[in-house]
Number of protein chains: 2
Amino acid sequence: MNRLTIKDIAAHFNVSISTVSKALNDSYEISKSTKLKIQEYAKEHNYKPNFNALSLKKRQTKTIGVIIPNMLNYFFAQVFKGVEKEANKSGYKVITCISNESFDKEVETIEMLSNGSIDGFLLSIAEQTEEQNNFVHLTKTLEQGLPIVMFDRVAKDVDCDKVITNDFEGAINAVDHLAKTGCKHIAFISTQSHLKSGKERELGYLEGLKKRNMEINPNLVIHIFEEDYKQYERILLPYFEENHIDSVITTDESSAIAAMKIAQRKGHTVPDDFSVISFSNGIIARHSSPKLTTVSQHGEIMGETAAKMLIDKIENKNTSEASVTKVIQTDLVERNSTRI
Amino acid sequence: MNRLTIKDIAAHFNVSISTVSKALNDSYEISKSTKLKIQEYAKEHNYKPNFNALSLKKRQTKTIGVIIPNMLNYFFAQVFKGVEKEANKSGYKVITCISNESFDKEVETIEMLSNGSIDGFLLSIAEQTEEQNNFVHLTKTLEQGLPIVMFDRVAKDVDCDKVITNDFEGAINAVDHLAKTGCKHIAFISTQSHLKSGKERELGYLEGLKKRNMEINPNLVIHIFEEDYKQYERILLPYFEENHIDSVITTDESSAIAAMKIAQRKGHTVPDDFSVISFSNGIIARHSSPKLTTVSQHGEIMGETAAKMLIDKIENKNTSEASVTKVIQTDLVERNSTRI
DNA sequence: ATGAAAGCGCTAACAT
DNA sequence: ATGTTAGCGCTTTCAT
């Protein structure tokens with residue numbers, strides 16, 4: 001039950017394997033008639049050139065490796081969808097690994113795939129990696145000549161192509177929208193202690209307030225641990241008791257929901273006298289009541305963009321231009337947790 | 001900047017490549033001393049055997065292909081997590097493709113990977129494939145000797161290993177739980193017209209009622225189109241007006257949310273005088289208010305199980321036993337949309 | 001204990 | 001227009 005090879009075809013027609021090879025590649029060296037009969041035979045018998053032989057010979061695999069911190073995260077699932085689509089469009093396969101936010105897993109995965117399995121990496125670094133600020137595994141693979149394109153969670157000091165979200169401006173826009181619709185006391189809730197995107201959003205929040213000459217109250221900047229998601233409400237409650245808050249921007253949907261519930265329990269009506277905007281335009285936002293206004297990060301587009309950049313890099317190995325980083329703008333998706 | 005090969009190592013020590021190969025594989029034929037120096041040198045210089053050469057020689061790639069209908073679906077993302085974990089544990093890579101519920105994409109993907117890229121398939125069939133009931137692409141690849149393990153969405157007539165959820169019993173248990181907590185008029189809302197799991201759940205629902213000698217009212221079995229998810233409430237409303245319904249079992253979270261909202265709008269309090277149980281224990285269930293009681297399908301375990309079965313199959317090519325299908329039991333996760 | 005050689009399936013430079 | 005050959009990086013049988 002072994003696969004058909006060019007050797008088999010050659011034997012069947014009593015020609016040499018190179019004739020078969022050339023015929024299948026439609027070489028001008030081969031006569032029309034033999035090309036035709038060989039191609040037909042190949043098609044009929046469902047011949048497929050052996051992937052590993054091809055890769056070995058051509059020194060390229062037409063596959064890329066993607067390392068994603070967490071596939072249960074809707075945003076990353078969207079990114080992956082974009083990657084898969086774009087890769088397939090260019091005839092690339094994608095080997096997918098989940099780092100589970102673990103530095104070790106990230107390193108192991110890179111090790112495992114740096115043996116000729118793939119032509120390049122797409123990578124969003126694990127939270128632990130960002131925390132430890134250790135990127136030698138990345139610089140080493142770049143030195144080996146394996147291109148990397150980072151997306152979303154990016155190591156500033158590693159010199160490679162990148163695709164990021166404009167978190168800073170996304171937050172400014174969120175503040176703007178709240179201010180425009182009459183909010184005066186905007187709190188900021190962040191669950192992303194170690195991630196740069198969390199900091200960018202916080203800076204954007206502050207910048208947004210500054211731009212509008214609104215009071216900056218440090219008590220309204222709240223950091224909570226993601227691990228505590230079951231107790232968000234309990235953790236947030238005191239902040240709402242001790243401060244006058246009429247609106248909130250959160251870095252994730254869960255805490256937006258929690259904040260909304262607290263506000264409601266305290267007698268507020270969302271959005272009439274309390275507004276909320278959440279980063280991460282996921283599924284939750286569409287199913288809460290009221291539905292959440294969110295800052296959308298366009299995960300799928302980010303995935304497509306990153307994949308395209310990587311494939312371009314792979315296929316123009318020669319031209320070693322400087323690294324570029326593309327910025328994906330955010331959109332404010334207005335739903336029912338903010339006023340018009 | 002080319003990778004180090006055994007040839008390079010051989011040259012460096014002035015020995016033959018076969019000596020190097022044997023040394024690296026710790027062969028008894030090679031003297032301790034040379035083994036040591038070669039292994040050390042290899043480690044120091046970060047030698048990694050070329051993946052494609054190895055695969056070509058050994059006729060196996062240590063990679064599996066996974067075809068998933070939709071990665072934005074939380075359940076499938078969970079399955080994938082399980083697959084990736086289990087595969088990595090056994091040293092396998094995983095090439096992931098999304099069929100987007102399209103028959104054509106499914107066929108193309110299988111074509112693309114049936115060239116020696118992978119040692120076997122993990123597959124949940126696309127909705128379109130289930131609809132068309134056309135599985136020749138699957139039987140053909142099985143005939144070629146490439147093993148397939150199907151998970152969740154499974155083709156009954158294709159002879160291969162399978163992992164499925166016990167949807168039938170899951171639904172019976174849901175009915176049971178509602179009945180036990182005092183519900184008398186249980187409706188069933190299904191969005192899965194073409195999927196067998198939807199039918200299984202419906203049969204389980206009916207069986208559950210029968211078992212408890214509860215009245216079966218065909219008007220309480222409601223089919224809606226998934227595409228209409230933005231209008232679930234509008235579509236469901238008439239059913240609630242025209243029938244006396246005190247509880248509902250849904251095949252997905254979105255329609256559970258919709259049903260709950262309608263019930264609340266009609267003056268009911270969930271769970272006091274209206275209960276809801278949803279299939280698919282996803283993110284939404286944990287964030288609605290009240291939180292949804294669900295039938296959990298253990299996606300991650302399903303993924304692990306399927307991967308393990310496939311790898312076992314791959315590594316015991318000789319023993320051609322009959323196909324087995326494993327059934328993963330469901331659990332009722334009680335939250336706040338049902339009474340105690 | 002070490003090496004030579006064939007071969008995995010394919011391409012491509014170089015004959016003929 | 002077709003064939004021969006070397007080689008991609010590795011393993012393995014069979015010398016030595």
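Chain identifiers are assigned alphabetically (A, B, ...) following the order of the sequence lines, protein sequences preceding nucleic acid strands; residue numbering begins at 1 within each chain.
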Distance test, side-chain N/O of [X] to OP1/OP2 of [N], below 4.0 Å:
| X | N | value |
| --- | --- | --- |
| R59(A) | dG9(D) | yes |
| N50(A) | dC8(C) | no |
| S31(A) | dT2(D) | yes |
| T34(A) | dT2(D) | yes |

Polar pair under 3.5 Å, donor/acceptor by atom type, side chain K57(A), base dG7(D):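 For K57(A), whose side chain was compared with the base of dG7(D), there is a donor-acceptor pair (under 3.5 Å).
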Can you check the [X] [atom1] to [N] [atom2] distance for me, whole Å?
| X | N | atom1 | atom2 | result |
| --- | --- | --- | --- | --- |
| F13(B) | dG3(C) | CZ | P | 13 Å |
| K7(A) | dT4(D) | NZ | P | 14 Å |
| N14(A) | dT4(D) | CG | P | 11 Å |
| L4(B) | dC8(D) | CG | P | 14 Å |
| K62(B) | dC10(D) | NZ | C1' | 17 Å |
| R3(A) | dC8(C) | CZ | C1' | 14 Å |
| K58(B) | dC10(D) | NZ | C1' | 9 Å |
| I9(A) | dT2(D) | CD1 | P | 15 Å |

Name the nucleic acid region contacted by [X], choosing base, sugar-phosphate or nothing; use a 4.0 angstrom heavy-atom cut-off, strictly under.
| X | result |
| --- | --- |
| F51(B) | nothing |
| N52(B) | nothing |
| Y28(A) | sugar-phosphate |

Student check: side-chain heavy atoms of S102(B) and E108(B) closer than 4.5 Å: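 Not touching, per the 4.5 Å side-chain cut-off.
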pair F135(B)-I125(B): side-chain heavy atoms closer than 4.5 Å: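 Result yes, sub-4.5 Å side-chain heavy-atom pair found.
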Of the listed nucleotides ([options]), which one gets closest to any side-chain atom of [X]?
| X | options | value |
| --- | --- | --- |
| T19(A) | dG7(C), dT2(D), dC10(C) | dT2(D) |
| T5(A) | dT11(C), dG9(C), dT2(C) | dG9(C) |
| S16(B) | dC10(C), dG3(C), dT11(D) | dG3(C) |
| A53(B) | dG9(C), dT11(D), dG9(D) | dG9(D) |
| L54(B) | dT11(C), dT11(D), dG9(D) | dT11(D) |

Report all interatomic pairs (protein N or O, nucleotide N or O of nucleotides 13-16 of chain C) with separations under 3.5 Å.
unit_1  : atom_1 : unit_2 : atom_2 : d
dA13(C) : N6     : K22(A) : NZ     : 3.4

5' precedence on DNA chain C between K32(B) and Y47(A) (nearest-nucleotide basis):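 The residue closer to the strand's 5' end, by nearest nucleotide, is K32(B).
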5'-most by nearest nucleotide on DNA chain C - I30(B) or L56(B):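 Its nucleotide being nearer the 5' end, the pick is I30(B).
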Positive for side-chain hydrogen bond (donor to acceptor under 3.5 Å, both in side chains) with T129(A), one of K105(A), E106(A), H137(A), R153(A):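 Passing option: E106(A).
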Within 6.0 Å of NZ in K85(B), more than 12 heavy atoms from elsewhere: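 No, NZ of K85(B) has 12 or fewer neighbouring heavy atoms, counting only those of other groups under 6.0 Å.
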Whether over 12 other heavy atoms sit under 6.0 Å from K156(A) NZ: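 Atom NZ in K156(A) is not crowded, with 12 or fewer foreign heavy atoms closer than 6.0 Å.
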No-hydrogen, no-angle side-chain donor-acceptor test under 3.5 Å, T34(A) and S31(A):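 The answer is yes; a qualifying pair exists.
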K62(A) with D119(A): basic N within carboxylate O range, under 4.0 Å: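 Result for this pair is no, no salt bridge flagged.
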Basic-acidic side-chain contact under 4.0 Å: K89(A), E304(A):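 So K89(A) does not pair with E304(A) through a salt bridge.
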